[in-house]
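Please read the structure below before turning to the comments.
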Amino acid sequence: MFSKERLKYVIALCCLVLLAGCSSSRVSLIHQPKLLHFSTPETSGGFAEGNVIVSTAFKEPEYEFGFIETDSLIATSNLVTSTQESIKKRDKKLNFLINFGLLENMDAYLDVYGILGLKIQLLGGSKLIKDEGLKFSLSAKYGQFESKNQGYNIVEKTFDSLFNTGVNVANTETATKLFDISANTGYRYSPNHLTYINTFMSNEDFTGRLWSDREAIYRSVKTTSKSFGILLGYQYSTDSDIFYIVEAGAAKTSWSNRGHVWSFPFGLSYGRSW
């Protein structure tokens with residue numbers, strides 16, 4: 001007769017088997033250019049002045065170079081692979097960035113991906129002054145960032161730890177080098193309201209690998225995406241140094257030897273100045 005402890009183990013194991021039979025793991029090799037900027041034409045206004053911004057973007061284009069998918073965890077699971085390439089428009093993860101004042105008319109930029117930037121304001125007063133009138137600035141960003149993904153979920157990890165099934169379905173590694181320049185023109189109507197038009201050009205060199213340890217599947221991709229577009233933005237600032245930005249635009253993104261796509265991204269951000 002099973003003890004209560006062993007019975008619990010058997011029940012948990014049966015649940016895992018049931019989940020395994022119904023589960024599906026998919027790992028894709030993708031590249032998604034960063035189009036929205038959430039940048040106004042105003043600089044922070046002086047050394048150590050600045051702000052932090054949390055943003056989310058929608059409908060930015062994503063290029064899929066292939067995928068590996070399995071419909072269960074056991075060694076005889078059905079494995080689906082594809083090298084078919086496709087363009088989609090998906091939501092994007094949150095971004096977190098900091099603008100830090102170097103001079104009255106110059107800001108430095110850093111985001112969660114490690115992208116560095118510089119903004120120089122050539123016309124109008126800074127965000128610290130909040131004077132009405134026309135604003136104009138030029139910006140440039142540069143960054144190199146990498147990502148890794150393993151095709152494991154919690155059920156697969158549990159199965160592998162209990163039975164050493166070797167279910168490592170798929171892996172991806174990517175590396176991206178980005179360079180972006182933009183010209184931003186805006187108008188502040190009052191201390192609380194600012195609108196802007198930001199035109200930009202962006203270049204991203206992308207390399208990626210997709211492979212399966214178990215099935216000896218391997219694919220390597222190297223390409224470049226070039227994007228240009230126009231972004232329309234509106235910033236509302238409260239009297240307590242909190243602000244919100246709504247941004248939307250149109251952009252054309254071309255991948256080397258892979259065609260192009262027009263997209264119409266939009267997004268929201270929340271920021272706080274100090």
Side-chain angles (χ1 to χ4, degrees), residues 26-40 53-67 82-99 109-119 137-149 172-184 196-210 219-233 245-269:
R26 177 181 173 123
V27 174
S28 300
L29 183 59
I30 59 176
H31 169 52
Q32 186 176 40
K34 302 177 186 346
L35 302 183
L36 296 185
H37 288 52
F38 298 105
S39 176
T40 73
I53 299 176
V54 179
S55 65
T56 184
F58 305 91
K59 303 304 179 181
E60 291 185 320
E62 176 184 273
Y63 201 101
E64 183 177 65
F65 300 96
F67 66 86
S82 175
T83 58
Q84 182 178 358
E85 301 184 1
S86 62
I87 300 174
K88 304 176 182 179
K89 296 172 185 176
R90 293 182 174 176
D91 301 344
K92 193 174 77 171
K93 294 180 180 178
L94 293 174
N95 193 11
F96 177 84
L97 60 92
I98 299 175
N99 292 294
Y109 166 101
L110 175 66
D111 75 2
V112 71
Y113 299 99
I115 298 173
L116 297 170
L118 195 68
K119 179 198 293 184
S137 67
L138 297 174
S139 301
K141 295 188 292 185
Y142 175 82
Q144 299 185 58
F145 44 95
E146 300 177 352
S147 68
K148 296 181 179 181
N149 181 33
T172 62
E173 286 185 354
T174 67
T176 306
K177 183 186 296 184
L178 174 146
F179 179 68
D180 179 288
I181 57 174
S182 62
N184 201 331
Y196 61 87
I197 300 175
N198 191 9
T199 56
F200 72 93
M201 292 187 297
S202 180
N203 186 96
E204 297 191 32
D205 296 322
F206 173 85
T207 58
R209 296 192 302 139
L210 170 68
R219 190 177 194 211
S220 178
V221 172
K222 184 175 182 179
T223 189
T224 297
S225 67
K226 299 181 183 294
S227 303
F228 68 89
I230 183 170
L231 304 171
L232 307 178
I245 298 177
V246 179
E247 189 171 276
K252 180 181 178 181
T253 300
S254 302
W255 285 269
S256 54
N257 302 319
R258 285 179 165 87
H260 66 270
V261 61
W262 280 93
S263 60
F264 302 92
F266 63 94
L268 306 169
S269 70

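Bear in mind the structure is a predicted one, so any value in this text is a computation, not a measurement.
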Open item on the list: For a 4.5 angstrom cut-off between non-hydrogen side-chain atoms, does Phe266 reach Lys59?
Closed with: yes

- [ ] With rounding to the nearest 0.5 Å, note down the distance linking OG in Ser39 to CD1 in Ile53.
- [x] 7.5 Å

Open item on the list: For the CG atom of Leu35 and the CG atom of Asp180, what is their distance to the nearest 0.5 Å?
Closed with: 9.0 Å

- [ ] Please round to the nearest 0.5 Å and tell me the distance separating atom CD1 of Ile245 and atom OH of Tyr196.
- [x] 5.0 Å

TODO: Could you tell me whether the side chain of Thr40 reaches within less than 4.5 Å of the side chain of Lys119, counting heavy atoms only?
DONE: yes

Task: Contact check, side chains of Val221 and Arg258, non-hydrogen atoms, under 4.5 Å - done: yes

TODO: Apply the test side-chain contact (heavy atoms from CB on, under 4.5 Å) to residues Leu36 and Ser55: give CA-CA distance (whole Å), side-chain angles for both, the deciding distance (0.1 Å), then the verdict.
DONE: CA-CA 10 Å; Leu36 296 185; Ser55 65; over 6 Å; no

Task: Rounded distance (nearest 0.5 Å) linking atom OG of Ser182 with atom CG of Leu231 - done: 8.5 Å

Open item on the list: Counting C-beta onward and ignoring hydrogens, is there a side-chain heavy-atom pair between Ile87 and Trp255 closer than 4.5 Å?
Closed with: yes

TODO: Check whether more than 12 heavy atoms from other residues, nucleotides or ligands sit under 6.0 Å from atom NZ of Lys222, and answer yes or no.
DONE: no

TODO: Test the Lys141-Tyr109 pair against the cation-pi criterion, namely NZ or CZ under 6.0 angstrom from the six-membered ring centroid and within 45° of the ring axis.
DONE: yes

Open item on the list: So which atom in Phe145 and which in Ile115 form the shortest heavy-atom distance, rounded to 0.1 Å?
Closed with: CE2-CD1, 3.9 Å

Residues 200-208 side chain polar contacts: donor-acceptor under 3.5 Å, at least two apart:
from	atom 1	to	atom 2	distance (Å)
Asn203	OD1	Lys226	NZ	2.7
Glu204	OE2	Lys34	N	3.1
Asp205	OD1	Thr224	OG1	2.8

Task: Distance, nearest 0.5 Å, that separates CD1 of Ile230 from NZ of Lys252 - done: 16.0 Å

Open item on the list: Show, in sequence, the C-alpha distance, side-chain angles and deciding distance for His31 and Thr176, and conclude whether the side-chain contact (heavy atoms from CB on, under 4.5 Å) test is met.
Closed with: CA-CA 9 Å; His31 169 52; Thr176 306; 4.2 Å; yes

Task: Atom pair OG1/OH of Thr253 and Tyr63 - distance to nearest 0.5 Å - done: 12.0 Å

Task: Electrostatic pair Glu62:Lys88 at N-O distance under 4.0 angstrom - done: no

- [ ] Determine whether the aromatic ring centres of Phe179 and Tyr142 lie less than 6.0 Å apart.
- [x] no

Open item on the list: Using only atom types and a distance under 3.5 Å, with no angle test, would you say the side chain of Glu60 pairs donor to acceptor with the backbone of Gln32?
Closed with: no

TODO: Might you point out which heavy atoms bring Pro33 and Pro61 nearest each other, and give the distance in Å?
DONE: CD-O, 3.4 Å

Task: Asn184-His37 side chain donor-acceptor pair, cut-off 3.5 Å - done: no

